[in-house]
Amino acid sequence: MNSKKNKLEKSELRRDIIKQRQSLSPDEWRKKSQMICTNIYNSSLFNQAKTVLAYFSFRQEPDLSYLFLDNKSDNSKTWGFPRCVEKSLFWHFWKPEDELIAGKYGIKEPKPDLPIVNPREVDLILVPCVACDYQNYRLGYGGGYYDRFLSSPEWESIPTIGIVFDFAYLTRVPVEEWDKQLNSICTENCLKR
């Protein structure tokens, strides 16, 4: 019963937050995204990282492209982005000159022939979230891709930052035993550990 209740709570919360996120005006979305990128850019976790895993914004998620496409971006960083393959995420190195394709769910992805990221080379993972809570648990889209990925032995010790707008940073999100706690959460207002 508790699992069914959590599933229903997650589904309702997910729907409400996505609706709220999609109601942001383009200017407000861009401004909040830029503020998130500034907070990440100024963090010691990001500054010490050489290889960073990120995501391409989907359904008005916070846009991290200011970190890797902007003229002020740190060109010394190596970037990796995911491809959804069946129930797993495959990470590929990507540079702004590399072509993107529409993958599963219509999310932009690197082409499959780009080099695969070795977990031993990764210093930081920027994790997309629908919502996060004060205990650093995340609410995703419900497919379990990131929970499976972050729980696998080769990835689980790499520092993570969950990315959400401040209205999606909540006191509590429903948690299941397989949900993976993140190291930090970044909103447009601050980076919390």
Side-chain angles (χ1 to χ4, degrees), residues 18 21 29-30 33-34 36-41 43-130 132 136 138-165 178-186 191:
I18 290 172
R21 198 170 68 193
W29 173 69
R30 260 190 305 280
S33 293
Q34 286 172 333
I36 286 172
C37 289
T38 298
N39 289 336
I40 293 168
Y41 190 81
S43 74
S44 59
L45 274 175
F46 183 77
N47 282 296
Q48 293 166 8
K50 289 184 176 50
T51 300
V52 180
L53 301 186
Y55 63 89
F56 295 107
S57 176
F58 177 68
R59 294 169 77 179
Q60 223 156 312
E61 291 170 324
D63 182 5
L64 299 181
S65 66
Y66 304 100
L67 292 171
F68 51 85
L69 292 180
D70 193 53
N71 291 337
K72 297 180 210 104
S73 68
D74 185 346
N75 293 327
S76 68
K77 302 259 186 261
T78 302
W79 292 91
F81 290 88
R83 272 190 330 112
C84 291
V85 180
E86 296 179 18
K87 296 237 177 239
S88 299
L89 294 176
F90 284 74
W91 293 87
H92 295 266
F93 289 113
W94 181 85
K95 295 185 263 304
E97 60 269 18
D98 293 332
E99 186 181 340
L100 294 171
I101 57 174
K104 194 171 185 175
Y105 310 113
I107 302 170
K108 290 180 192 171
E109 297 182 342
K111 292 176 79 174
D113 60 348
L114 289 173
I116 297 281
V117 175
N118 181 332
R120 289 189 299 276
E121 297 175 58
V122 177
D123 303 302
L124 179 63
I125 305 169
L126 304 177
V127 182
C129 308
V130 173
C132 289
N136 292 357
R138 69 182 283 275
L139 176 68
Y141 287 101
Y145 287 92
Y146 275 86
D147 289 318
R148 283 189 296 277
F149 155 64
L150 294 171
S151 296
S152 62
E154 65 271 22
W155 298 101
E156 68 182 352
S157 64
I158 301 168
T160 53
I161 301 176
I163 311 297
V164 289
F165 293 122
W178 56 80
D179 288 327
K180 181 79 173 138
Q181 203 170 19
L182 303 173
N183 298 108
S184 307
I185 307 298
C186 187
L191 179 75

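Note that the structure is predicted; figures quoted are calculated from it, not measured.
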Between atom [atom1] of [X] and atom [atom2] of [Y], what is the distance when rounded to the nearest 0.5 Å?
| X | Y | atom1 | atom2 | value |
| --- | --- | --- | --- | --- |
| Ser43 | Leu191 | OG | CG | 5.5 Å |
| Leu53 | Glu121 | CG | CD | 10.5 Å |
| Cys84 | Phe90 | SG | CZ | 10.5 Å |
| Arg30 | Gln60 | CZ | CD | 9.5 Å |

For the residue pair [X] and [Y], establish whether any side-chain heavy-atom pair is separated by less than 4.5 Å.
| X | Y | answer |
| --- | --- | --- |
| Tyr141 | Ile18 | yes |
| Ile107 | Tyr55 | no |
| Pro112 | Val85 | no |
| Leu64 | Ile40 | yes |

Keeping to residues at least two apart or across chains, list the side-chain hydrogen bond (donor to acceptor under 3.5 Å, both in side chains) pairs with something in residues 82-93.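 Qualifying pairs, neighbours excluded: Arg83-His92.
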Closest heavy-atom pair and its distance - [X], [Y]:
| X | Y | value |
| --- | --- | --- |
| Ser184 | Leu45 | OG-CD1, 3.9 Å |
| Val117 | Gly80 | CG2-CA, 4.1 Å |
| Trp29 | Asp63 | CZ2-CB, 3.6 Å |

Expected list for residues 150-164: side-chain donor-acceptor pairs under 3.5 angstrom, two or more places apart:
| from | atom 1 | to | atom 2 | distance (Å) |
| --- | --- | --- | --- | --- |
| Ser151 | OG | Asp147 | O | 2.8 |
| Ser152 | OG | Phe149 | O | 2.8 |
| Thr160 | OG1 | Asn183 | N | 2.9 |
| Thr160 | OG1 | Asn183 | OD1 | 3.1 |

Please check this pair: side chain of [X] against backbone of [Y], looking for a donor-acceptor N/O pair closer than 3.5 Å.
| X | Y | value |
| --- | --- | --- |
| Asp123 | Lys50 | yes |
| Lys180 | Tyr146 | no |
| Arg138 | Pro128 | yes |
| Thr51 | Val122 | no |
| Arg21 | Pro62 | no |
| Asp98 | Pro110 | no |
| Glu61 | Phe58 | yes |

Hey, what's the ring geometry for Phe46 with Trp79, parallel, tilted or perpendicular (30° and 60° as the breaks)?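 Because their plane-to-plane angle lies in the 30° to 60° range, the rings of Phe46 and Trp79 count as tilted.
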Is the gap between the ring centers of Phe81 and Phe68 under 6.0 Å? yes
Compute the centroid of each ring, for Phe56 and then for Trp94, and state whether the two points are separated by less than 6.0 Å. yes
Under the rule for side chain to side chain donor-acceptor pair (under 3.5 Å), what residues qualify as partners of Tyr145, not counting sequence neighbours? Lys104, Tyr105
Does the side chain to side chain contact (heavy atoms under 4.5 Å, CB included) test come out yes or no for Val52 and Leu126, once each step is laid out? CA-CA 7 Å; Val52 180; Leu126 304 177; 3.9 Å; yes
